[in-house]
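Taking it in order: structure first as structure tokens, then the write-up.
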Number of protein chains: 4
Amino acid sequence: MASKPPTHLTPRKKPRQARATVTLNVIFEATIQVLLAVGPRRLTTTRVAERAGVSVGTLYQYFPHKQALFYGLNQHYLDGLAEKIEYACRALHGAPTSQMVEALVTTYWNAKNERADVTRVLYRSVVELDNEPLIEAFACRVDAATAAMFASAADVAFTDLSVINLTLLTTIFGTVRSAFERNLPDAERHAVQKQLILMCNSYLEQVRSTSNGRLK
Amino acid sequence: MASKPPTHLTPRKKPRQARATVTLNVIFEATIQVLLAVGPRRLTTTRVAERAGVSVGTLYQYFPHKQALFYGLNQHYLDGLAEKIEYACRALHGAPTSQMVEALVTTYWNAKNERADVTRVLYRSVVELDNEPLIEAFACRVDAATAAMFASAADVAFTDLSVINLTLLTTIFGTVRSAFERNLPDAERHAVQKQLILMCNSYLEQVRSTSNGRLK
Amino acid sequence: MASKPPTHLTPRKKPRQARATVTLNVIFEATIQVLLAVGPRRLTTTRVAERAGVSVGTLYQYFPHKQALFYGLNQHYLDGLAEKIEYACRALHGAPTSQMVEALVTTYWNAKNERADVTRVLYRSVVELDNEPLIEAFACRVDAATAAMFASAADVAFTDLSVINLTLLTTIFGTVRSAFERNLPDAERHAVQKQLILMCNSYLEQVRSTSNGRLK
Amino acid sequence: MASKPPTHLTPRKKPRQARATVTLNVIFEATIQVLLAVGPRRLTTTRVAERAGVSVGTLYQYFPHKQALFYGLNQHYLDGLAEKIEYACRALHGAPTSQMVEALVTTYWNAKNERADVTRVLYRSVVELDNEPLIEAFACRVDAATAAMFASAADVAFTDLSVINLTLLTTIFGTVRSAFERNLPDAERHAVQKQLILMCNSYLEQVRSTSNGRLK
DNA sequence: AATGAATGAGCTTTCATTCAT
DNA sequence: CATGAATGAAAGCTCATTCAT
């Protein structure tokens, strides 16, 4: 299963005109609605087009194949998510690490929680495409943002920032996903969210008290 | 112990005879091979049957649908995994928590790592079916095992074991999944594994030093 | 007038455009040809589509199932037949009963005889579907037409028209069917046709001479 | 659709032993039950065997293919029916024609009515096989019986017995079939039955009063 | 003989994609 | 450019029939 070259998976035309952008968003929203309504297996391009109020032909004007549609949707979604994280990171520049961790977890968790059903449905639609490059790009972007943030921490200077950063991100992303996929009840989801912050903080505390970080 | 899936998702006949069990395993293995070779989207029942060296008809004698095949495969896989974890938990009975955490993470990680490609492919095959009940059953089983283990810890008595247990499991399962799905290079994967243990332990340390647990 | 079949057994799209109507007729004709060529058991949607010179996909655009195809064909056929009968009935309005009977039998018999092989094949295609509602609708339509005709008879006023009408129709339809299904040689078929007219007429004569009808 | 040579359609072994005959009847009954339960389209040999309490293998010992099963069933059924008619005909030897007609219609109608659902189901199962030879054989047998009966009539000597006989049989068989297939309510079915007798009798009366028959 | 698991040709149906209008 | 009817490859699934046990 070789990945198709990403060029094939990008919208055919740059949304230079407002009209195109609107249509694009309508299609994305329709895709999500169909995903929610009938699941990824029974999603058909015709159904999406219908829901979007355009013809299949038009859909194919924007996306050369079904995969491109999924790819575009994920990209759209991940771009928005990455932006939120970057924004949060910039806002926390120079803050103490504990605030950073809390903000990071909260931002990510809230973004996912905003439309929890969409989150779940997107997690599952992933199979339909080879989205590793997408995930990787997202990861890199976030990685850079959080690394920069942690490097600016007021209270600690990390000796091995990259490992710590990777660990935190892997843990946070993974935990959130697990919590959503298991469809934990609200109360438990909240509890886990709080504990996750606690856990990350105690981890950083521990790291600081050993050779991997030192007080500034 | 075992999950209670909708009857139509269970193998049609109980493998009473050795022959049937063998065939079942052959089919499972073939499914994984096809999954690895062509991905979930292009997996067809015919292809699986071919690879397994049986006829489609036979495949359908064991699984009434394609979905049942996926369901069965996941069940098979999760049953094996749960068993390993239960075994590890029993072995750690009465040990100090730090050993428990280390054993838990290592067991889980190794189980996944043994056949990393299979792990990845199964994570992705999920789209094809509604496996929430399966996941739930697995989670319950593991939850019970680890809760019992932590309750027996030599060094700490937890006041709010259930939340702590849930947090640990969600974190560990999620982190491992993230690490595998992102296909991290071996070195980084190892590093994260080590850090995860560290993180969990510092979390428990922290918990113990506050109101949620006390030294025995 | 038209039967009210379960929606799922009706052509998917109303033939609004001439093109669609043409295609529909082509498909019906192809179905009959296939029925004649290989029989109902070996009729496949693919074969019908091939014979019709369209793709299977197109066939399924007009008929959501194989059953709907049979249903549609029967409806088409029965509609045509009913029309002919209604026409004949109107033409005989006010005539003497003996002419009515003769016209009714002849019309029906000729309609069936026009394409005797098609008649036979349609009688047999019935197994494939639950066409009782279709038959019922046809029967009602014809019943109304003949009842109106007989009520207008110049020579007799029937006291119990509904029973007599039902008897005549049941007899005529049944006899014709029997004659076709047994594939009687032409000479015998003709003889039976003539005798059937005789029989119906002597029946009406008898009815008139007893309490069920009186001379006008 | 050429008919298979009848030899292929006859039970493989003559039921010389009581056991075999019993099994045969069990299979026939099971076939009818399945026909009633799921219809001809979803009748499978496996289902019939299951219902009959034997294995498919055994079923195939008695009938070399599915068609042979249907063929056998119809033969069995028609044999019984023919016997009843023959018996009635012999009993009416030398009686007046009006009694003959009444007995003939009543016997046939009652035989069909005894298990009306079975009658209906058999009428419809016909499509599954090329049973013209069967029907023909049945027709000949009955034809002979009724012809002999009518020839012995106390009151009339027919000049053209064969046409009259054919007409009567075609009419009676056809009318009964029509009445059953349209699933007429009991009251109407009865009424038609009575009228049919009346009709046949007035037909014979008419025939006698013209050149085709003369008073003895 | 009886059994019933195994077979695989063949069926119905779907749906991504095209292209004449 | 938009449309949506037409396409047909390919999928899931069935079931008559065989044959080793």
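Throughout, protein chains are lettered first and strands after them, A, B, ... in sequence-line order, and every chain is numbered starting at 1. As the structure is a computational prediction, the values presented were derived from the model and not from experiment.
- For Lys66(B), taking side-chain heavy atoms from C-beta onward, the closest of the listed nucleotides dG12(F), dA6(E), dA5(F) is dG12(F).
- Residues His76(C) and Asn25(C) share a closest heavy-atom pair of CE1-OD1, 3.4 Å.
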Are there any protein N/O atoms within less than 3.5 Å of an N/O atom in nucleotides 19-21 of chain F, and if so, which ones and at what distance?
none

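- Between Arg42(B) and Thr58(C), the residue anchored nearer the 5' end of DNA chain F, judged by the nucleotide with its closest heavy atom, is Thr58(C).
- Taking every heavy atom of both residues into account, Leu59(A) and Thr45(A) meet most closely at CD2-O, 3.5 Å.
- Residues passing the side chain to side chain contact (heavy atoms under 4.5 Å, CB included) test with Val26(A), sequence neighbours excluded: Val22(A), Ala52(A).
- The aromatic ring centres of Phe28(B) and Phe63(B) sit less than 6.0 Å apart.
- Nearest heavy atoms, Gln67(B) versus Arg41(A): NE2-NH2, 3.5 Å.
- A search for side chain to side chain contact (heavy atoms under 4.5 Å, CB included) contacts involving Ser55(D) returns Thr58(D), not counting sequence neighbours.
- Rounded to whole angstrom, the span from the CG atom of Leu59(A) across to the P atom of dC15(E) amounts to 15 Å.
- One atom, NE2 of His65(C), and another, P of dC13(F), lie 17 Å apart when rounded to the nearest Å.
- Note: OH (Tyr62(C)) to C1' (dG4(F)) measures 12 Å, nearest angstrom.
- When all heavy atoms of Leu134(B) and Gln75(B) are compared, the pair lying nearest together is CD2-N, 3.7 Å.
- Near DNA chain E, meaning a heavy atom under 4.0 Å away, there are no residues from residues 46-55 of chain A.
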Would you tabulate the side-chain donor-acceptor contacts of residues 29-37 of chain B under 3.5 Å, counting partners in other chains and residues two or more places apart, or write 'none'?
residue	atom	partner	partner atom	Å
Glu29(B)	OE2	Gln33(B)	NE2	2.8
Glu29(B)	OE2	Arg115(B)	NH2	3.0
Thr31(B)	OG1	Ile27(B)	O	2.7

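- Following rounding to the nearest Å, Arg41(A) (CZ) and dA16(E) (C1') show an atom-to-atom distance of 16 Å.
- For the pair Glu181(C) and Ile135(D), the minimum side-chain heavy-atom distance is 4.5 Å or more.
- The separation between Gln67(B) atom CD and dA11(F) atom P is 17 Å, rounded to whole Å.
- Distances from the side chain of Thr45(D) to the nucleotides dA6(F), dT12(E), dT17(F) place dT17(F) closest.
- Between Gln61(A) atom CD and dT17(E) atom P there is a gap of 15 Å when expressed in whole angstrom units.
- Mapping Val56(A) and Thr23(B) onto DNA chain E via the closest heavy atom, the residue that lands nearer the 5' end is Thr23(B).
- In this structure, Phe63(C) places its CZ atom 15 Å from P of dT12(E), rounding to the nearest Å.
- Looking at DNA chain E, the stems built from 3 or more consecutive Watson-Crick or G-U wobble pairs, each pair with its key distances under 3.5 Å, are E:2-21 with F:2-21.
- Rounded to whole Å, the distance from CG on Leu43(A) to P on dT17(E) is 12 Å.
- Shortest non-hydrogen contact noted between Arg124(A) and Asn131(B) is NH2-OD1, 3.5 Å.
- Contact of the Phe70(D) side chain with the Leu43(D) side chain is registered, since non-hydrogen atoms from C-beta on lie closer than 4.5 Å.
- The shortest non-hydrogen separation linking Tyr60(A) to His65(A) is CE2-CA, 4.1 Å.
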